[in-house]
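Scroll down for the structure; my scribbles are underneath it.
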Amino acid sequence: VELGAGPCWLSATLAKEPAVDRVIAVEFSRRRLEELAPIAIEYLGAPSEKIERVLADFYNPGLPPESADLVFTDASFHHSVDPVRLARVAYELLRPGGAFVLFREPTLALLRRTREHGLEGRHGSFEHEYFARSYLEHLRSAGFKPRKFAASGGFRSPRARAILRPPLSWLNGVL
């Protein structure tokens, strides 16, 4: 289950995995699900029959408890007005042994205590800003035993790899 699926690019990527039988993409925007998701699914070459698109709020996805092995958010968790409530929704959706993954969530850091919100900020932003420890606390409050993982080691240059290791990783805010 992907909560806050947007145009479904992550759902499409997951659906391409042979071990994945079905992906449920939950999104509140009809336009994103009906107009943009088909474009992303086709562009990524994903099997559309494996992706069920559900028009719903991520607080009320309309799915039965314990119906998912994995629940993902891709840069959508920080949009929640009540992050503990959203984490509880994910917790309830998971089967025993399942996992909740917060992917690409913007994170504040020691030297970056706020982020530029651009156009959203000028029109009533629904962005919320958190340090990594705050994300972990939200998840703990919902019943999870959270762990933080470093970004993938896909950077090729020594400089880019150094940024992922302490002490520089403490400053860059990557979750």
Side-chain angles (χ1 to χ4, degrees), residues 1-107 115 117 119-121 123-149 175:
V1 173
E2 182 184 5
L3 298 174
C8 298
W9 80 266
L10 180 58
S11 293
T13 302
L14 293 169
K16 289 170 52 174
E17 292 297 318
V20 174
D21 295 324
R22 183 175 89 156
V23 178
I24 301 172
V26 177
E27 172 57 43
F28 77 98
S29 167
R30 182 178 305 278
R31 180 175 181 269
R32 288 178 184 153
L33 284 180
E34 293 178 0
E35 295 176 29
L36 302 178
I39 295 167
I41 292 166
E42 181 180 347
Y43 178 79
L44 293 169
S48 60
E49 67 277 2
K50 288 173 63 175
I51 304 169
E52 179 183 343
R53 292 176 278 154
V54 176
L55 183 64
D57 184 283
F58 56 28
Y59 294 121
N60 299 299
L63 304 172
E66 296 187 7
S67 60
D69 296 311
L70 294 169
V71 175
F72 287 87
T73 62
D74 172 39
S76 61
F77 188 85
H78 72 282
H79 291 296
S80 173
V81 173
D82 188 346
V84 174
R85 180 178 170 203
L86 179 55
R88 285 188 182 122
V89 168
Y91 190 87
E92 291 171 6
L93 286 173
L94 288 169
R95 293 183 182 110
F100 180 31
V101 178
L102 304 183
F103 185 60
R104 293 185 332 122
E105 290 298 335
T107 307
R115 296 181 316 109
H117 298 287
L119 189 60
E120 282 184 342
H123 296 285
S125 177
F126 57 96
E127 299 279 333
H128 303 280
E129 300 177 323
Y130 303 110
F131 289 94
R133 67 182 173 272
S134 299
Y135 283 108
L136 296 173
E137 187 52 41
H138 296 323
L139 296 172
R140 253 185 233 101
S141 295
F144 287 102
K145 295 177 184 168
R147 292 180 295 170
K148 179 182 171 188
F149 293 91
L175 174 65

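Predicted model only: the values in this text are computed from it and were never measured. For the numbers below, each heavy atom of this structure counts, side chains included, while hydrogens, waters and symmetry mates do not.
For the residue pair Ser11 and Ala25, the shortest heavy atom distance occurs at OG-CB, 3.4 Å. Residues Val26 and Ala56 share a closest heavy-atom pair of CG1-O, 3.6 Å. Of all non-hydrogen atoms in Leu33 and Pro38, the two that sit nearest each other are O-CD, 3.5 Å. Closest approach of Ile51 and Ala12 over heavy atoms only: CD1-CA, 3.7 Å. Counting all heavy atoms, side chain and backbone alike, Ala5 lies closest to Glu27 at N-OE1, 3.3 Å. For the residue pair Ala99 and Leu94, the shortest heavy atom distance occurs at O-CD2, 3.4 Å.
Aromatic pair Phe28/Phe58: ring centres not closer than 6.0 Å.
For the pair Pro61/Val89, a side-chain contact is recorded, criterion being any heavy-atom separation below 4.5 Å from C-beta on. At a threshold of 4.5 Å between non-hydrogen side-chain atoms, the residues Leu86 and Tyr59 count as touching.
Between atom CZ of residue Arg104 and atom OG1 of residue Thr73 there is a gap of 10.5 Å, rounded to the nearest 0.5 Å. To the nearest 0.5 angstrom, Cys8 atom SG is 11.5 Å from Ile39 atom CD1. Distance CZ/Arg88 to CZ/Phe100: 13.0 Å, rounded to 0.5 Å.
For Tyr43, the OH atom is loosely surrounded, since the number of other residues' heavy atoms within 6.0 Å does not exceed 12. Enclosure of atom CZ in Arg140 by more than 12 non-hydrogen atoms of other residues, nucleotides or ligands within 6.0 angstrom is indicated.
Contacts of Pro83 classified as side-chain contact (heavy atoms from CB on, under 4.5 Å), with partners at least two apart in sequence or in another chain: Phe77, Ser80, Tyr130, His138.
Checked by atom type and distance alone, the side chain of Lys148 never pairs as donor or acceptor with a backbone atom of Ala132 at under 3.5 Å. Distance alone, capped at 3.5 Å, places no donor-acceptor pair between the Glu17 side chain and the Ala19 backbone. A distance-only check finds a donor-acceptor pair linking the side chain of Glu105 to the backbone of His78 [under 3.5 Å]. Listed for the Tyr135 side chain is no donor-acceptor partner under 3.5 Å among the backbone atoms of Leu102. The backbone N or O of Val20 lies less than 3.5 Å from a partner atom in the side chain of Lys50, making a donor-acceptor pair. With Ser76 contributing its side chain and Leu3 its backbone, the two residues share a donor-acceptor pair below 3.5 Å.
Aromatic ring pairs are classed by plane angle as parallel below 30°, tilted from 30° to 60° and perpendicular above 60°; the pair Phe144 and Tyr91 is perpendicular.
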Show me the donor-acceptor pairs within less than 3.5 Å that the side chains of residues 62-72 make with the rest of the protein, sequence neighbours left out.
residue: Ser67; atom: OG; partner: Pro64; partner atom: O; Å: 2.7
residue: Asp69; atom: OD1; partner: Arg95; partner atom: NH1; Å: 3.0
residue: Asp69; atom: OD2; partner: Arg95; partner atom: NH1; Å: 3.1

